[in-house]
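Comments concern the structure below.
As the structure is a prediction and not an experimental result, all values here were calculated from the model. Quick note on labels: first sequence line is chain A, next is B, and so on, each numbered from 1.
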2 protein chains.
Amino acid sequence: MNTGKKILLVDDEQDILEFLSYNLKKEGYDLYTANNGNEALTIAKNVIPDLIILDVMMPDMDGMETCRILRELPGLQNVMIAFLTARNEDYSQIAGFEVGADDYINKPIKPRVLISRIKALLRRAEGDNSEKIEKIESGGIKIDRERYLIIQDGIELNLPKKEFELLALLASKPGKVFTRELILYSVWGGDVVVGDRTIDVHIRKLREKIGEDFIKTIKGIGYKFEF
Amino acid sequence: MNTGKKILLVDDEQDILEFLSYNLKKEGYDLYTANNGNEALTIAKNVIPDLIILDVMMPDMDGMETCRILRELPGLQNVMIAFLTARNEDYSQIAGFEVGADDYINKPIKPRVLISRIKALLRRAEGDNSEKIEKIESGGIKIDRERYLIIQDGIELNLPKKEFELLALLASKPGKVFTRELILYSVWGGDVVVGDRTIDVHIRKLREKIGEDFIKTIKGIGYKFEF
DNA sequence: TTCAATTATAAAAAAATCATTAAAATAATT
DNA sequence: AATTATTTTAATGATTTTTTTATAATTGAA
């Protein structure tokens with residue numbers, strides 16, 4: 001029995017990951033796991049799960065922060081996000097909802113409860129038929145994630161990974177300004193911190209390759225893709 | 001560049017204190033340092049920092065204990081507190097959160113990582129989730145935060161950051177008079193002090209760009225947006 | 001009306017941010 | 001291991017934005 005629903009589990013404790021994985025797989029969900037926020041971002045971008053379950057308490061980037069960033073990423077606006085919290089930290093619930101969480105699940109977790117909660121959540125999500133973005137096409141530029149290729153006016157362009165990810169991000173929502181912060185999180189990952197000029201250099205390379213006019217600088221904010 | 005944010009560092013090792021101080025000052029934070037818990041308490045009471053970074057392991061009064069007391073002090077309930085911990089003592093992490101810590105940072109510390117973490121923490125403290133209005137529309141003027149654009153009679157206008165924020169603020173509530181104080185606070189931020197004429201100049205620029213009649217001066221008080 | 005306070009304005013100075021290039025460091029491939 | 005490709009840093013220059021300064025103009029109260 002397979003529901004075809006994809007769930008991304010994020011927790012720093014391997015035990016919990018395994019425990020939940022086991023129980024959810026049994027119910028026919030496709031499971032993806034991440035040990036920390038950054039991993040979660042990477043996976044989420046590529047997989048676009050139906051539900052993300054985030055532990056609130058994690059080192060480096062906590063659940064809240066992860067959630068906030070996830071919500072900014074194109075394609076992940078409509079994904080259901082649930083938080084795992086230890087029982088008594090209810091202050092975090094308030095903050096969590098502000099950040100865009102859809103539900104809370106208290107530890108310790110009882111499988112039965114969890115599953116019924118998840119079903120409810122996914123049912124709730126059914127309404128949103130959010131198509132995942134495998135191919136982005138805008139302004140004569142096609143982005144093929146599958147083949148890792150940019151196609152511009154019919155001509156195929158091979159870009160190095162970082163450049164590809166950067167362009168894919170910008171082009172995923174033409175017109176939207178992506179802050180440097182968001183770019184860093186989404187292309188580089190939260191704690192792989194690189195110098196500030198790194199983004200610029202990649203932008204330069206992109207402009208060289210696809211033309212000067214597609215990527216516009218919004219000084220003090222970030223960049224946006226336009227055509 | 002000065003963020004105006006105050007950080008109190010507490011560690012018994014002078015090396016670490018200096019190392020962190022140096023790196024954080026470079027980022028524009030105001031630094032205060034203490035060698036032990038008691039010193040920390042004294043300073044914190046007087047300064048009310050935005051963030052306190054506490055070494056977990058200190059002689060006499062350890063970080064956890066210091067944290068517990070800090071949290072009791074009036075005015076320090078909402079200060080962000082982060083713990084510095086050696087990598088493997090993760091049981092203390094849990095205890096730390098119970099005591100009221102907002103984050104923990106593992107040693108050894110990489111400056112870049114530290115800084116991105118601190119930014120995240122301070123952002124969290126700001127209550128940065130303060131719903132900034134995404135689209136304001138009034139009197140033929142549309143403000144599109146996502147695209148960072150002003151659209152006037154269908155014509156797109158690019159404004160520099162401060163001008164944009166200022167206009168967005170005024171236009172968010174047409175007719176309402178915004179005092180200079182409020183404008184400063186919300187566009188420039190609580191502790192950034194700029195000269196008195198700065199607002200005027202920005203208003204001038206705005207009037208040049210969108211027309212003279214939208215922004216009205218209320219002498220002695222501030223400005224309002226009308227149409 | 002007159003005066004003091006406040007704002008307007010333009011131009012200059014200062015600061016912040018980005019662009020660009022070349023070189024260094026990493027990673028991937030052969 | 002050597003070569004090549006990619007990524008990052010570092011240094012410098014250019015540009016834009018922000019702030020200050022100085023002076024003029026305006027306002028509203030006495």
Side-chain angles (χ1 to χ4, degrees), chain A residues 148 150 157-170 177-181 183-184 186-189 191-225, chain B residues 1-4 23 26-29 110-113 115-116 119 148 150 157-170 177-181 183-184 186-189 191-225:
Chain A
Y148 223 79
I150 308 285
L157 245 179
N158 262 306
L159 296 181
K161 194 162 61 193
K162 286 269 152 50
E163 285 171 42
F164 182 91
E165 292 295 345
L166 177 53
L167 180 58
L169 177 68
L170 295 178
V177 181
F178 290 85
T179 64
R180 276 165 180 274
E181 192 201 5
I183 292 173
L184 275 181
S186 156
V187 177
W188 274 266
D191 44 37
V192 184
V193 190
V194 292
D196 240 357
R197 299 276 66 68
T198 304
I199 293 178
D200 309 33
V201 174
H202 284 267
I203 292 282
R204 170 94 284 274
K205 299 253 174 73
L206 278 177
R207 297 213 253 233
E208 261 165 23
K209 288 172 186 171
I210 66 171
E212 300 289 323
D213 303 326
F214 288 100
I215 299 168
K216 197 179 167 201
T217 306
I218 311 298
K219 218 170 171 163
I221 312 284
Y223 296 91
K224 69 169 147 179
F225 179 90
Chain B
M1 176 204 44
N2 190 317
T3 62
N23 281 288
K26 225 171 41 180
E27 290 295 312
Y29 298 107
K110 293 183 187 163
R112 284 274 173 64
V113 176
I115 285 157
S116 95
K119 281 184 183 160
Y148 220 79
I150 308 290
L157 245 181
N158 275 301
L159 296 181
K161 193 162 66 176
K162 286 268 154 52
E163 285 170 43
F164 184 94
E165 294 299 341
L166 176 53
L167 179 58
L169 176 68
L170 295 178
V177 180
F178 290 86
T179 65
R180 278 165 178 274
E181 194 196 1
I183 291 173
L184 273 182
S186 92
V187 176
W188 273 263
D191 20 41
V192 181
V193 185
V194 291
D196 239 1
R197 299 276 64 69
T198 304
I199 293 178
D200 309 34
V201 174
H202 281 90
I203 292 283
R204 169 94 286 271
K205 299 252 175 73
L206 277 176
R207 297 214 253 233
E208 262 167 21
K209 287 172 186 171
I210 65 170
E212 301 290 325
D213 303 326
F214 288 100
I215 299 168
K216 201 181 165 201
T217 306
I218 312 299
K219 189 161 171 159
I221 312 286
Y223 298 90
K224 71 172 164 176
F225 179 89

Got a sec, which residues hit ring-ring contact (aromatic ring centres under 6.0 Å, His included) with B:Tyr223, two or more places apart in sequence or on another chain? none
Could you tell me how far apart [X] ([atom1]) and [N] ([atom2]) are, to the nearest whole angstrom?
| X | N | atom1 | atom2 | result |
| --- | --- | --- | --- | --- |
| A:Ile218 | C:dT17 | CD1 | C1' | 13 Å |
| A:Leu166 | D:dT8 | CG | C1' | 14 Å |
| B:Ile215 | C:dA8 | CD1 | P | 10 Å |
| A:Asn158 | D:dA5 | CG | P | 13 Å |
| B:Lys162 | C:dA14 | NZ | C1' | 14 Å |
| A:Tyr148 | D:dA5 | OH | P | 18 Å |
| A:Phe164 | D:dA5 | CZ | C1' | 18 Å |
| B:Leu206 | C:dA8 | CG | C1' | 14 Å |

Suppose we screen for side-chain contact (heavy atoms from CB on, under 4.5 Å). Which residues come up paired with A:Arg197, at least two apart in sequence or across chains? A:Arg180, A:Asp200
Would you please confirm or rule out a distance under 4.0 Å between OP1 or OP2 of D:dT18 and any side-chain N or O of B:Trp188? no
Any side-chain N or O of A:His202 under 4.0 Å from OP1/OP2 of D:dT8? yes
For the helix from C:dT1-D:dA30 to C:dT30-D:dA1, figure out the bend between the end axes, five pairs an end, and round to 10 degrees. 30°
For [X] against [Y], the heavy-atom pair lying closest together:
| X | Y | result |
| --- | --- | --- |
| B:Asn23 | B:Ile115 | O-CD1, 4.0 Å |
| A:Gly220 | B:Lys161 | O-NZ, 3.4 Å |
| A:Leu159 | A:Phe164 | CB-N, 4.0 Å |

Would you say the side-chain atoms of B:Arg207 pair up with the backbone N or O of B:Ile215, donor to acceptor, closer than 3.5 Å? yes
When every nucleotide of nucleotides 19-25 of chain C is labelled 5' to 3' by its protein contacts under 4.0 Å (heavy atoms), B for base, S for sugar-phosphate only, - for none, what sequence of letters results? BBB----
Rounded to the nearest 0.5 Å, how far apart are NZ of A:Lys209 and CG of A:Asn158? 9.5 Å
Just how far is it from atom CD1 of A:Ile150 to atom CD of A:Glu163, taken to the nearest 0.5 Å? 10.0 Å
Are any of the side-chain nitrogens in B:Lys119 or A:Glu181 under 4.0 Å away from the carboxylate oxygens of its partner? no
Strictly under 3.5 Å: I want the nitrogen or oxygen pairs between protein and nucleotides 26-30 of chain D, one per line.
unit_1, atom_1, unit_2, atom_2, d
D:dT26, O2, B:Lys219, NZ, 3.3
D:dT27, O2, B:Lys219, NZ, 2.8

Salt bridge (charged side-chain N to carboxylate O under 4.0 Å, His left out) pairs, two or more places apart, involving residues 210-222 of chain B: B:Arg204-B:Glu212
Hey, can you tell me if B:Trp188 and B:His202 have their rings parallel, tilted or perpendicular (30° and 60° cut-offs)? perpendicular
